[in-house]
Structures are given as C-alpha cells and as structure tokens.
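Structure first, commentary second.
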There are 2 protein chains.
Amino acid sequence: MPDDARAAVAEPTPSCPVEITLGALRGRWTTLVVRELLRGERTFTELARALPALSDKVLSDRLAQLAESGVLVRDRRPGWPPRTSYRLTPRGRRLGPVLQALWDWGAGDDRG
Amino acid sequence: MPDDARAAVAEPTPSCPVEITLGALRGRWTTLVVRELLRGERTFTELARALPALSDKVLSDRLAQLAESGVLVRDRRPGWPPRTSYRLTPRGRRLGPVLQALWDWGAGDDRG
DNA sequence: CTGTATCCTGAACGATACTG
DNA sequence: CAGTATCGTTCAGGATACAG
C-alpha cells in the first residue's frame, strides 16, 4: 500500500483501489457468482440453478456489474436455443486470492 | 477453501466465512475507519477529523458495527473531559492482509 | 433459453438536533 | 468530548411480467 494511502480522505469512493475492489464485489450474491465461475464456465441457467434463491433480475444485474468491472465476459453462441456462457477474465481469476483472504479472515479462530 | 464451499447455496449470508468478512466490512467508510486504526489508536474526534465527510451518526454506527464483529475495542477513560480511544483487536489487525489483497486487486493493471 | 422492464419494500445513508 | 434520537431521502433487492 503506497504511502499516499495515508492522505486525508474526504470521500469513501474515490479512485482508491480498495474501494474499486469492494465496488466490484458489492451486493448480495456477487461473491457467490464469482466463486461459481472460478470453478469453470457456466451458462445463465447453470448459475441460476447453483444459486436457487437468486432471482433472474438480480443475477442479470450481477453479471452486468461483473462484466462492467472486467471480471467476466459473455460468450454468446448463435443458433437455437440461445446459449450464453460466462467465464472469468484473467483479472477475474485473480479474484481467487482475494476471496481466499476474505475466507481466511472470516474463518479465523480469533486466537493469535 | 474447504471442499464443502462447493455445496449448493440457497442464501448469500449463511455462516460462509467470505460473507462474515464482507459483513464486517460492509457499508461506506468502514474500510477507511479500519485503515485509520491500522495506523494506531484513535479517539472519536481524531477519526472524525481524518474522515471529514463522515457524520457523527455514521461514525458511531461504524464503530459499533466493528466492535460487534470483534475488530476493535473501546477504551473509555474516566474523568473530564471524557476521552475514548479505539484500537484494533488482534483479529482487527489481521484485516491488514485482507485490505492489502483488496488494494492489490483494485490497483491491478489488468495484464497477465 | 436468456434475459429486460416495472413496481414495491426495507435498509442504509446523511442532516440536524439533542444528551451525559 | 463523545456520542444517541429522529427524520427524510435514496438505493439495492425481490416479485412479477414480458421480450428476443
């Protein structure tokens, strides 16, 4: 973390890298979608089936959000029935260690 | 990450460690408060001054939230004027690597 | 199958005022 | 100094219906 991270902060969402990452992961279900994709390519329906309590709209929102932040890409195949796959970009795959860090802290036994 | 992380997920906020961590860091300003405390003990006023755009109420909310999740402790000293210090617990200090991981990803140049 | 549009509700946020 | 109480607004989440 560079030293200018120490600068006085007037806003919580400037160009701060921490906020960029939290922005990409923001919202319910987001990390679960990413985790599913870390296991491999998935279609819309496969994601919906893996996350049964998640509505179509929110899944759509999450996929758009993650595409926007460069975490995943859509792979739309022509023909019928329409079939779209989602897979992580290299940048998206690099979220693996981030989720690992989040996991480790949350699983911490508080001693030490 | 243990293998049962692969289990089908019906809710986004079960006892999943990732969600525990995100829950602790949830909300605007939260990571900035933690980052300030990573630099050392701080009083309410010092935190408020470091984060000028943050209202008393929200700062109070954040400190309560972070105390609740075991990230920091209050150190209230008797006498007048009242003076309260906040400092991270060992668990709170272990958020350092987590914020580092968030920082690194957000600062990533997208190549590789 | 793969989404988008619309509406509704509850929680988070921020301002202000007030207390020990 | 160190907070809490109250209130209004905004925004994300979820249900439902519909479209390419």
Side-chain angles (χ1 to χ4, degrees), chain A residues 9-14 16 19 21-34 36-37 41-69 71-87, chain B residues 9-14 16 19 22-34 36-37 40-69 71-87:
Chain A
V9 182
E11 291 298 322
T13 44
C16 169
E19 297 296 329
T21 309
L22 289 175
L25 296 179
R26 164 154 0 199
R28 280 183 95 183
W29 302 104
T30 308
T31 59
L32 296 178
V33 172
V34 172
E36 194 61 26
L37 290 174
E41 194 168 322
R42 293 285 186 278
T43 67
F44 190 93
T45 301
E46 286 168 345
L47 290 171
R49 201 158 45 84
L51 278 21
L54 165 50
S55 74
D56 284 359
K57 174 189 173 289
V58 175
L59 176 54
S60 182
D61 288 350
R62 290 298 170 262
L63 292 171
Q65 164 191 344
L66 291 169
E68 171 77 15
S69 51
V71 169
L72 57 79
V73 289
R74 252 179 225 200
D75 185 8
R76 201 159 208 159
R77 274 186 280 175
W80 193 266
R83 196 173 169 82
T84 307
S85 293
Y86 294 87
R87 58 188 154 72
Chain B
V9 182
E11 291 297 323
T13 45
C16 170
E19 296 297 328
L22 289 175
L25 296 179
R26 166 155 356 200
R28 279 182 96 182
W29 302 103
T30 308
T31 59
L32 296 178
V33 172
V34 172
E36 193 61 27
L37 290 174
E41 193 168 322
R42 292 287 185 278
T43 67
F44 190 93
T45 301
E46 285 167 347
L47 289 171
R49 202 157 46 85
L51 277 22
L54 164 51
S55 74
D56 285 359
K57 175 189 173 293
V58 176
L59 176 53
S60 182
D61 288 351
R62 289 298 169 262
L63 293 171
Q65 164 191 344
L66 291 169
E68 172 76 14
S69 51
V71 169
L72 57 79
V73 289
R74 253 181 223 199
D75 186 8
R76 201 159 208 159
R77 273 186 281 175
W80 193 264
R83 195 172 171 82
T84 308
S85 291
Y86 294 87
R87 57 187 155 73

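Only a predicted model underlies this, so the values are computations on that prediction, with no experimental measurement involved. Just so we're on the same page: letters track the sequence lines, and every chain starts at 1.
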Taking the side chain as C-beta and beyond, is there a heavy-atom pair between A:Leu32 and A:Leu54 under 4.5 Å?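 Side chain of A:Leu32 against side chain of A:Leu54, heavy atoms only: no contact under 4.5 Å found.
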Does any part of the side chain of B:Thr30, heavy atoms only, come nearer than 4.5 Å to the side chain of B:Gln65, both counted from C-beta?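 Yes - at least one pair of side-chain heavy atoms lies under 4.5 Å apart.
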Identify, with sequence neighbours excluded, every residue that meets side chain to side chain donor-acceptor pair (under 3.5 Å) alongside B:Glu41.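 By the side chain to side chain donor-acceptor pair (under 3.5 Å) rule, B:Glu41 matches B:Ser85.
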Give one of base, sugar-phosphate or nothing for [X], where a contact means two heavy atoms less than 4.0 Å apart.
X: A:Trp29; answer: sugar-phosphate
X: A:Ser60; answer: base
X: B:Arg77; answer: nothing

Which whole-number value in Å describes the distance from [X] [atom1] to [N] [atom2]?
X: B:Arg28; N: C:dC13; atom1: CZ; atom2: C1'; answer: 8 Å
X: A:Arg62; N: C:dG3; atom1: CZ; atom2: C1'; answer: 16 Å
X: B:Lys57; N: C:dC18; atom1: NZ; atom2: P; answer: 18 Å
X: A:Asp61; N: C:dT6; atom1: CG; atom2: C1'; answer: 13 Å
X: B:Leu59; N: C:dG14; atom1: CG; atom2: P; answer: 12 Å
X: B:Gln65; N: C:dC13; atom1: CD; atom2: C1'; answer: 13 Å
X: A:Leu47; N: C:dC1; atom1: CG; atom2: P; answer: 14 Å

Could you tell me from which nucleotide to which nucleotide of DNA chain D, 5' to 3', there is an atom under 4.0 Å from chain B heavy atoms?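 Using the under 4.0 Å cut-off, the span is D:dC1 to D:dT6.
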After noting the C-alpha distance and the side-chain angles of A:Leu37 and A:Arg87, does the key distance pass the side-chain contact (heavy atoms from CB on, under 4.5 Å) rule? CA-CA 6 Å; A:Leu37 290 174; A:Arg87 58 188 154 72; 5.8 Å; no
By nearest heavy atom, map B:Glu46 and A:Trp80 onto DNA chain D; which one lands nearer the 5' end?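 Per heavy-atom nearest nucleotide, the more 5' residue is B:Glu46.
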Separation between [atom1] of [X] and [atom2] of [Y], rounded to the nearest 0.5 Å:
X: B:Arg26; Y: B:Glu19; atom1: CZ; atom2: CD; answer: 7.0 Å
X: A:Lys57; Y: A:Arg62; atom1: NZ; atom2: CZ; answer: 8.0 Å
X: A:Phe44; Y: A:Asp56; atom1: CZ; atom2: CG; answer: 4.5 Å

Bend angle of the helix from C:dC1-D:dG20 to C:dG20-D:dC1, from helix axes over five pairs at each end, nearest 10°: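 About 50°, once rounded to a multiple of 10°.
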Would you find more than 12 non-hydrogen atoms of other residues, nucleotides or ligands less than 6.0 Å from A:Glu46 atom CD?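 Yes, enclosed.
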Give a yes/no on whether any side-chain N or O of A:Thr84 is located under 4.0 angstrom from OP1 or OP2 of C:dG3.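 Affirmative; the distance criterion is met.
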Side-chain N or O of B:Arg26 closer than 4.0 Å to phosphate OP1/OP2 of C:dA11: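 Checking C:dA11 against B:Arg26, no side-chain N or O comes under 4.0 Å of OP1 or OP2.
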Flag, side chain of A:Arg42 to backbone of A:Ala48, donor-acceptor distance under 3.5 Å: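 Not at all, since once roles are kept as given, no pair shorter than 3.5 Å links the two residues.
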